[in-house]
Amino acid sequence: MIDIKKSLAERVRPLEASAIREMFKLMGQADVISFAGGIPSPEVYPTDILAEISADILKNNGTFALKYGITEGYAPLIEQVAEKNKSQGIGSGCDVTIITTGAQQGIDLAAKSLLNPGDGVIVESPTFVGTLNSLRSYEASLYGVPVENDGMDLAAAEEILKTGKIKLIYTIPTFQNPTGITMSLEKRKGLLELANKYDCLILEDNPYGELRFYGEELPTIKSMDKDGRVIYVGSFSKTLSPGMRVGFLVGHEDLMDRIIVVKQANDVHTPLISQMIISEFMKQNDMNAHIAKGCASCKEKCDAMLAAMDKYFPEKAVYTRPEGGIFLWVTLPEGTDTGALLRKAIERKVAFVPGNSFMVDAAKPSNCFRLNFTTATNEQIDTGIKVLGELLADELK
Ligand SMILES: Cc1ncc(COP(=O)(O)O)c(C=O)c1O
């Protein structure tokens, strides 16, 4: 047997297997109530419509659908995405839109194209684990900035920017993963001003933005950007299907020109058949009406989870009340280890994601955890939250 581990590149050695991916294994066990997932309720997938569209594409345009496509993406879909984005003020004269294999690839391509080893990146603390691992794999230096109730702590961000080490700021301003928090309008403007002042780029990740069920819509940071300083990542994963793996990236033409070559070396193009199905779905259906259905389901589940938490959780457990998206975030008193809590919860067949997974320093135990409210049934929500409430009451007494 050879020791293949000694051949591994330094940059992949420290990568942690995603706790969430590990959770997927648990989610497959029928008797586990999982609050660990990351998608809206699968009940809202329009499976019948997609079945008809897929059959039609393969029957009438199969040879085209099964061939290689172009790296930038399926032209009609690019146009539809760009048109929709334009209606939200996204994309100025210097911007180009491409289709990516999920938002995850958009993030990874941007990181790969921009970052040299050691380049500084500001991320929210906590933030999306898929981005942390992508940035780690390019050996970026990560600086976590706390997330307040109205988004990233800009004063803390500026202290880091003053060091002159930061090239990129990564943010999920709307219904943030994992906290469910939305950045205020004032902070959105403030963050763009900071990026201008310290001449760095912003990577705005917005896969949940359309899943708003309370409050007023806020403009994206990208919509305020007139000179291509903001790179914008979107996805169909949370509105249509994560398994189709279709997302998009909007950015300055000079950056996108490089990113297209990088994508070519990565996966040549996003599966054409997925792109064609989505394009046809958007053509034949009212996408906004479809998203509204998904939102209604998210709202119902969020209300159910918060009602159960209000009923069963002890006062010392503090949690966010999201206006949209699919996650909420629980903070326990300092010193509580939610990794240990998860082990006890799993014994009682309930799963969540402990907070350390979302931190720059994932090895340090966290007193926080993330709950997804969209994949369990209302009955499971009540049962699972009751179990967590009992464990918390025991832990925090
Ligand atoms: C904030 C954030 N960005 C990106 C992604 C990746 O999404 P996709 O399925 O489009 O790759 C996720 C998935 O959970 C996410 O939460």
Side-chain angles (χ1 to χ4, degrees), residues 18-24 27 34-42 45 73 77 81 97-112 121 123-137 144 147 151-152 168-183 202-212 220-222 230-250 263 266-267 270-271 274-275 277-278 291 294 298 320 322 324-329 352-353 355 357-359 370-375:
S18 152
I20 301 161
R21 297 274 144 210
E22 296 300 306
M23 287 293 154
F24 278 159
M27 284 154 69
S34 176
F35 302 134
I39 49 166
S41 171
Y45 294 170
L77 183 62
V81 167
T97 301
I98 66 161
I99 303 298
T100 57
T101 305
Q104 178 70 53
Q105 188 190 47
I107 294 162
D108 196 72
L109 293 175
K112 191 173 187 178
V121 182
V123 296
E124 284 148 349
S125 178
T127 192
F128 171 51
V129 63
T131 301
L132 285 174
N133 269 343
S134 173
L135 295 170
R136 285 176 184 130
S137 73
V147 179
M152 190 191 286
L168 183 67
I169 302 169
Y170 170 71
T171 179
I172 313 159
T174 308
F175 318 135
Q176 202 239 12
N177 180 3
T179 61
I181 284 172
T182 293
M183 188 184 279
I202 294 178
L203 180 56
E204 179 178 19
D205 185 11
N206 192 23
Y208 304 102
E210 293 187 286
L211 298 176
R212 177 178 283 282
T220 58
I221 303 174
K222 180 68 184 159
V230 180
I231 306 146
Y232 183 82
V233 193
S235 178
F236 287 96
S237 286
K238 316 294 171 170
T239 53
L240 202 52
S241 150
M244 285 211 261
R245 307 303 305 129
V246 179
F248 53 89
L249 194 59
V250 183
K263 180 170 163 65
N266 190 304
D267 67 350
T270 297
S274 287
Q275 298 186 65
I277 293 169
I278 291 181
I291 293 171
C298 292
T320 56
I326 62 172
F327 303 116
L328 56 82
W329 184 246
F352 59 81
V353 187
S357 311
F358 308 100
M359 306 294 182
R370 187 190 78 178
L371 291 174
N372 161 257
F373 47 80
T374 49
T375 36

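All heavy atoms count here, side chains included; hydrogens, waters and symmetry mates do not. All ligand and atom numbering here is 1-based and tracks the order in the structure.
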Proximity to ligand 1 by part of S237, non-hydrogen separation under 4.0 Å: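 Within the 4.0 Å criterion, S237 contacts ligand 1 through side-chain atoms alone.
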Between F236 and ligand 1, find which residue part has any heavy-atom pair under 4.0 Å and reply side chain, backbone, both or neither.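 F236 to ligand 1: no contact under 4.0 Å from either part.
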Going by atom types alone, do S241 and Y45 pair a side-chain donor with an acceptor below 3.5 Å?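 No, no side-chain donor-acceptor contact under 3.5 Å.
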Using a strict cut-off of 4.0 Å, indicate which atoms of ligand 1 neighbour a heavy atom of [X].
X	answer
S235	8 (P), 10 (O)
I172	1 (C)
Q104	6 (C), 8 (P), 11 (O)
N177	1 (C), 15 (C), 16 (O)

Looking only at protein heavy atoms, identify the closest one to [atom] and say how far it is in Å.
atom	answer
atom 16 (O) of ligand 1	Y208 OH, 2.5 Å
atom 7 (O) of ligand 1	A103 CB, 3.8 Å
atom 14 (O) of ligand 1	K238 NZ, 2.8 Å
atom 1 (C) of ligand 1	D205 OD2, 3.2 Å
atom 12 (C) of ligand 1	F128 CZ, 3.4 Å

Is the centre of the F327 ring less than 6.0 Å from the centre of the Y208 ring?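 Yes, close enough.
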Out of curiosity, is G130 lining ligand 1, as in a heavy atom under 4.0 Å away?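 Flag not set, G130 not near ligand 1.
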Considering Q105, Q176, R245 one by one, which has a heavy atom nearer to atom 11 (O) of ligand 1 than any of the others?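 That would be R245.
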List the steps and the verdict of side-chain hydrogen bond (donor to acceptor under 3.5 Å, both in side chains) for E124 and T171. CA-CA 6 Å; E124 284 148 349; T171 179; 2.5 Å; yes
Any N or O of V246 closer than 3.5 Å to N or O of ligand 1: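 No; every N/O pair is 3.5 Å or more apart.
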Salt-bridge test for D108 and K112: reply yes if a basic N is under 4.0 Å from a carboxylate O, no otherwise.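 A salt bridge is absent here (no side-chain N lies under 4.0 Å from a carboxylate O).
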